[in-house]
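All heavy atoms count here, side chains included; hydrogens, waters and symmetry mates do not. Keep in mind that what you see is a predicted model, and the values were worked out from it rather than measured. Heads up: numbering here begins at 1 and tracks the sequence.
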Amino acid sequence: MNRLILLPLVLSLALPASAQRKTDIVETPKEVQDEGMILKRKVAIGRFSNETQYAKGIFYDRENDPMGKQALDILSAKLAASGKFILLERSDLSTLLEECQKGENVASTLGADYMIIGSITEYGRKNTGKNRVFSSEKTQTVEAAVSIRLVDVATGLIIYSDEAKGSAELTTKTTMGVGGQAGFDATLSDKAISEAIGQLVENIINKCTNSPWKTYFLSYDADGILIAGGKSQGIKEGMTFSVMTKGKKVKNPQTGIIITLPGKKVGTATVLSTGGDTPETEYSFVEVSTQEPITNENITNYIIEEAK
């Protein structure tokens with residue numbers, strides 16, 4: 001009896017080590033998530049209007065056009081999903097739009113790097129069908145065209161302009177009176193506009209991220225040196241940026257447009273800490289090393305730019 005009890009114990013001791021269960025603990029580096037962090041640009045969607053005649057009756061209100069709001073919401077959602085932008089809502093964009101189109105520098109007032117102006121230029125829907133002896137088929141189709149302009153707020157120049165078209169359709173079939181019977185599907189409008197905007201979003205992202213990220217001094221005195229922007233834009237302690245002079249503005253004789261020439265690097269700014277509650281009110285304390293004196297009186301002559 002005792003031999004039978006000891007036998008399993010002896011066999012377990014005799015098993016090779018490779019047969020025993022082994023658990024490997026793999027530690028994930030803490031910095032992996034930070035490697036993909038980018039500096040987010042601030043974008044304001046200035047206006048998205050409906051330039052078609054669809055749904056414009058006697059009591060039409062241009063400021064509360066449902067199709068324009070629909071397109072604005074779709075564009076906002078797609079830009080937010082990219083994770084590369086902070087979207088701003090401004091109640092005074094109509095006034096700022098006029099100033100920007102006149103070439104005024106409203107970057108500090110608007111609080112955005114870029115502004116998007118959009119419009120629905122074409123919209124239509126149609127029903128087509130086929131009737132046979134024992135069956136019928138009905139197709140609802142919606143087509144939409146969307147135009148986008150991307151404005152660099154600092155210069156007032158349109159840096160990207162394009163138009164795209166989208167369509168969506170729904171088909172229902174009946175056989176000997178049995179099958180789907182559907183009225184007009186309102187979601188087709190969403191799908192057609194979304195498809196058109198989706199074709200433009202990638203180009204908007206590329207245009208906005210081609211230029212270096214930049215910000216401005218908020219304060220420069222003995223109490224501390226502050227720049228605009230904080231955690232929500234991807235700014236972290238230890239980051240170093242270039243301090244640049246603002247480029248000279250000259251008039252291009254070929255086009256008559258005022259253009260801004262590149263500035264020169266005069267120093268660096270290293271982030272010490274960040275603060276603020278919202279993207280509009282965030283700030284960062286920095287330590288600055290420059291080749292020329294900067295004071296609270298001349299801080300508007302400089303910009304803080306992403307180091308190349």
Side-chain angles (χ1 to χ4, degrees), residues 25-44 76 79-90 105-115 152-155 204-247 260 262-308:
I25 299 176
V26 180
E27 295 185 1
T28 303
K30 294 182 180 179
E31 299 298 324
V32 168
Q33 294 181 348
D34 294 336
E35 290 178 359
M37 185 172 289
I38 61 170
L39 291 167
K40 296 181 180 180
R41 275 68 172 172
K42 290 184 178 180
V43 174
S76 298
L79 292 177
S82 72
K84 297 182 178 181
F85 303 102
I86 292 177
L87 301 178
L88 304 178
E89 294 184 3
R90 295 296 302 264
N105 188 347
V106 295
S108 57
T109 306
L110 182 59
D113 303 305
Y114 301 97
M115 179 163 50
D152 186 331
V153 174
T155 62
I204 292 174
I205 293 173
N206 291 337
K207 287 292 182 181
C208 289
T209 55
N210 277 346
S211 301
W213 177 92
K214 59 180 178 292
T215 187
Y216 307 90
F217 282 116
L218 294 177
S219 178
Y220 202 111
D221 53 36
D223 294 330
I225 305 172
L226 278 72
I227 62 173
K231 286 186 178 180
S232 66
Q233 284 189 265
I235 298 177
K236 299 186 299 179
E237 295 179 13
M239 280 186 166
T240 299
F241 301 104
S242 300
V243 179
M244 310 285 294
T245 58
K246 283 188 176 179
T260 303
K264 66 175 183 177
K265 181 178 177 180
V266 295
T268 59
T270 303
V271 178
L272 302 177
S273 62
T274 60
D277 301 321
T278 65
E280 291 86 352
T281 62
E282 282 184 342
Y283 56 86
S284 297
F285 282 96
V286 296
E287 182 180 29
V288 175
S289 173
T290 60
Q291 303 168 1
E292 57 185 58
I294 300 177
T295 65
N296 211 39
E297 287 68 34
N298 69 356
I299 57 175
T300 55
N301 298 332
Y302 302 90
I303 59 174
I304 312 300
E305 196 172 274
E306 181 179 6
K308 298 179 181 179

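No donor-acceptor pair closer than 3.5 Å links the side chain of Asn296 to the backbone N or O of Ser219.
For the atom pair CD1 of Ile294 and CD1 of Ile225, the computed distance is 8.0 Å after rounding to the nearest 0.5 Å. For the atom pair OG1 (Thr215) and CG (Leu226), the distance works out to 10.5 Å, reported to the nearest 0.5 Å. Note that NZ of Lys207 is 14.0 Å distant from CZ of Arg41, once rounded to the nearest 0.5 Å. Annotation: the span from Glu306 atom CD to Thr209 atom OG1 amounts to 10.0 Å, rounded to 0.5 Å. The NZ atom of Lys84 sits 12.5 Å away from the CG atom of Leu39 when rounded to the nearest 0.5 Å.
Heavy atoms only, all atoms of each residue included: Ala112 and Leu88 are closest at CB-CD1, 3.9 Å. When all heavy atoms are compared, the tightest approach of Cys208 to Tyr114 is O-OH, 3.3 Å.
Listed by chain and number, the residues in a ring pair (Phe, Tyr, Trp, His ring centres under 6.0 Å) with Tyr220 are Phe217 (sequence neighbours excluded). Applying the salt bridge (Lys or Arg N to Asp or Glu O under 4.0 Å) test to Glu292 and every residue at least two apart in sequence or in another chain returns nothing. With sequence neighbours excluded, the residues forming a side chain to side chain contact (heavy atoms under 4.5 Å, CB included) with Ser242 are Met244, Lys265, Ala307, listed by chain and number.
Considering Ile235, Leu87, Asp113, Ile86 in turn, Ile86 is the only one that fulfils the side chain to side chain contact (heavy atoms under 4.5 Å, CB included) rule with Lys40.
In this structure, Ile303 and Phe241 have side chains that are not in contact, with every pair of non-hydrogen atoms separated by 4.5 Å or more. With contacts defined as side-chain heavy-atom distances shorter than 4.5 Å, the pair Thr268/Val288 does not qualify.
Legend: ring pair (Phe, Tyr, Trp, His ring centres under 6.0 Å) pairs involving residues 264-283, not counting sequence neighbours, sorted by first then second residue: Tyr283-Phe285. For residues 223-235, every residue pair satisfying the side-chain hydrogen bond (donor to acceptor under 3.5 Å, both in side chains) rule, not counting sequence neighbours, is listed here: Ser232-Glu282.
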Validation: residues 269-279 side-chain donor-acceptor distances under 3.5 Å, sequence neighbours left out:
from   : atom 1 : to     : atom 2 : distance (Å)
Thr270 : OG1    : Thr240 : OG1    : 3.3
Thr278 : OG1    : Thr281 : N      : 3.4
Thr278 : OG1    : Thr281 : OG1    : 3.0

